[in-house]
A.B. asks: 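Below is the structure I would like to discuss, written out as C-alpha cells.
For ligands, and for the atoms within them, numbers begin at 1 and follow the listed sequence.
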Amino acid sequence: MARSYIHEARRRVGPKRERIRPAIERLALEHPDAVIALRFRDPLELLVSVMLSAQTTDVTVNRVTERLFRKYRRPEDYLAVPLEELEADLRPTGTFRQKARNVRAAMAMLLEDFDGEVPTRLEELVRLPGVGRKTANVVASERGATQGIVVDTHVRRLSQRLRFTRQEDPVKIEADLKRLVPRADWARFPHLLIWHGRRVCIARRPRCGDCVLADLCPSARVDPGPPVGSAVPSPIRT
Ligand code: SF4
C-alpha cells in the first residue's frame, strides 16, 4: 500500500528536474523576506555569529552578539581576555566552553594564516577550528562567494519530503542539490527552504493545506487535485 501510494505520488508530481524551478519561484514569492536572520556588520562578525548559532536560536545569538561585538572588534580581542571571560560572554548560546575554545582557536588561525582576514574559499574556511562545511557555506554565501548549498535541519527535511534527495548525510544531500538547483539559486535556495520549514513545512506537523508546493510535493498530506481523488494515508515520517 505504502509503496504504491509513493509511486502514485511521484507520478502525480512529476520528475524533480521539472519541479525545482517552479518550487523556487513559488517559495521566492511566498517568502520575499527569506534572508539570514543573524545580525552582523562585517565578515568577522558573520563568522563568529554562525559559529555561535549551533544548537541555539538566531534570536539568542543576536541578543548575545549585540553586546559581544561591542567588546570584541578584532581577532586579537578574543585572545586578549582569559578563556573564562569569553566563556561567560558566550554562556547564553549553550555549549559555551566548546564555542569559546573554537572561537579563540579560529581567531588565532586567522591571525597566523590569513593576516587577520576571514577567507572566502570553502577549503580555507573549513580549516578554521569549529567551522564545518555548513558554517563555511553560510559564510561564503553571505559574502557573495557561494560555492555550495547550505544544508541545515530544515533544508534536509524539506529536500527529503520534496524528494529532491533520498540521502541522509548532509554532504550527499548537498551534492544532490548542487546537481539539481540552478547555480544562480544556490545562495537563496537554503534560505527559502529554511523559512518555509519554519512557517509551513514544520517538522512535526507540516501545514500541507497552506503550502504553495502541495501539488509539487510527493509527501503532501492534502489532495491537491487531479489525478489524486481520494483520501490516502500520509507517507510522511517525521
Ligand atoms: S506539501 Fe506538506 S510536506 Fe510538502 S513541502 Fe508543503 S508542507 Fe511540506
Side-chain angles (χ1 to χ4, degrees), residues 1-37 53 55-59 133-134 137-138 141 146 148-238:
M1 179 64 182
R3 282 183 68 85
S4 67
Y5 172 75
I6 292 169
H7 178 77
E8 171 59 25
R10 286 194 188 130
R11 191 188 66 76
R12 169 173 62 78
V13 299
K16 60 186 176 185
R17 294 214 167 272
E18 292 177 12
R19 292 184 284 125
I20 188 67
R21 282 185 186 276
I24 292 171
E25 286 165 13
R26 290 185 203 179
L27 289 174
L29 285 173
E30 187 76 355
H31 307 291
D33 53 345
V35 293
I36 190 166
S53 68
Q55 294 165 40
T56 189
T57 65
D58 293 342
V59 172
R133 188 170 177 89
K134 184 179 80 174
N137 264 326
V138 174
S141 281
T146 307
I149 295 177
V150 175
V151 176
D152 77 342
T153 181
H154 296 290
V155 174
R156 172 179 162 161
R157 182 178 73 256
L158 269 70
S159 297
Q160 291 171 337
R161 285 180 173 173
L162 286 156
R163 299 291 191 271
F164 291 156
T165 184
R166 293 163 171 267
Q167 300 293 339
E168 293 288 336
D169 176 65
V171 173
K172 293 179 179 173
I173 292 173
E174 184 186 350
D176 279 353
L177 293 177
K178 285 170 75 174
R179 281 190 288 270
L180 183 66
V181 176
R183 184 76 172 78
D185 290 318
W186 283 10
R188 71 169 174 166
F189 181 73
H191 290 309
L192 295 173
L193 290 196
I194 289 166
W195 284 88
H196 199 61
R198 286 175 177 160
R199 292 168 171 166
V200 181
C201 191
I202 297 155
R204 293 191 178 189
R205 194 182 290 267
R207 295 169 44 218
C208 301
D210 298 322
C211 181
V212 294
L213 304 181
D215 63 320
L216 299 175
C217 179
S219 303
R221 293 187 182 199
V222 291
D223 174 2
V228 176
S230 58
V232 289
S234 168
I236 294 180
R237 289 184 292 274
T238 56

A.B. asks: Is any side-chain N of the basic residue among Glu174 and Arg133 closer than 4.0 Å to the acidic one's carboxylate O?
C.D. replies: yes
A.B. asks: Is it true that Arg199 and Glu30 make a salt bridge, defined as a side-chain N closer than 4.0 Å to a carboxylate O?
C.D. replies: no
A.B. asks: Under 3.5 Å, is there a donor-acceptor pair between the Arg188 and His191 side chains?
C.D. replies: no
A.B. asks: Taking backbone and side chain together, does Cys211 place any N/O/S atom at a distance below 2.8 Å from atom 6 (Fe) of ligand 1?
C.D. replies: yes
A.B. asks: So if I count the atoms of ligand 1 from 1 in the order they appear, which ones are less than 4.0 Å from some heavy atom of Cys217?
C.D. replies: 1 (S), 3 (S), 4 (Fe), 5 (S)
A.B. asks: Which of the atoms in ligand 1, numbered in the order shown and given with their element, are less than 4.0 Å from a heavy-atom of Ala214?
C.D. replies: 1 (S)
A.B. asks: Would you call the rings of His31 and His196 parallel, tilted or perpendicular if under 30° counts as parallel and over 60° as perpendicular?
C.D. replies: perpendicular
A.B. asks: Does ligand 1 have a heavy atom under 4.0 Å from the side chain of Ala220, from its backbone, from both, or from neither?
C.D. replies: both
A.B. asks: Quick check: does Cys201 put an N/O/S atom under 2.8 Å from atom 2 (Fe) of ligand 1?
C.D. replies: no
A.B. asks: Is a side-chain N or O of Gln160 found less than 3.5 angstrom from the main chain of Gln167, in a donor-acceptor match?
C.D. replies: yes
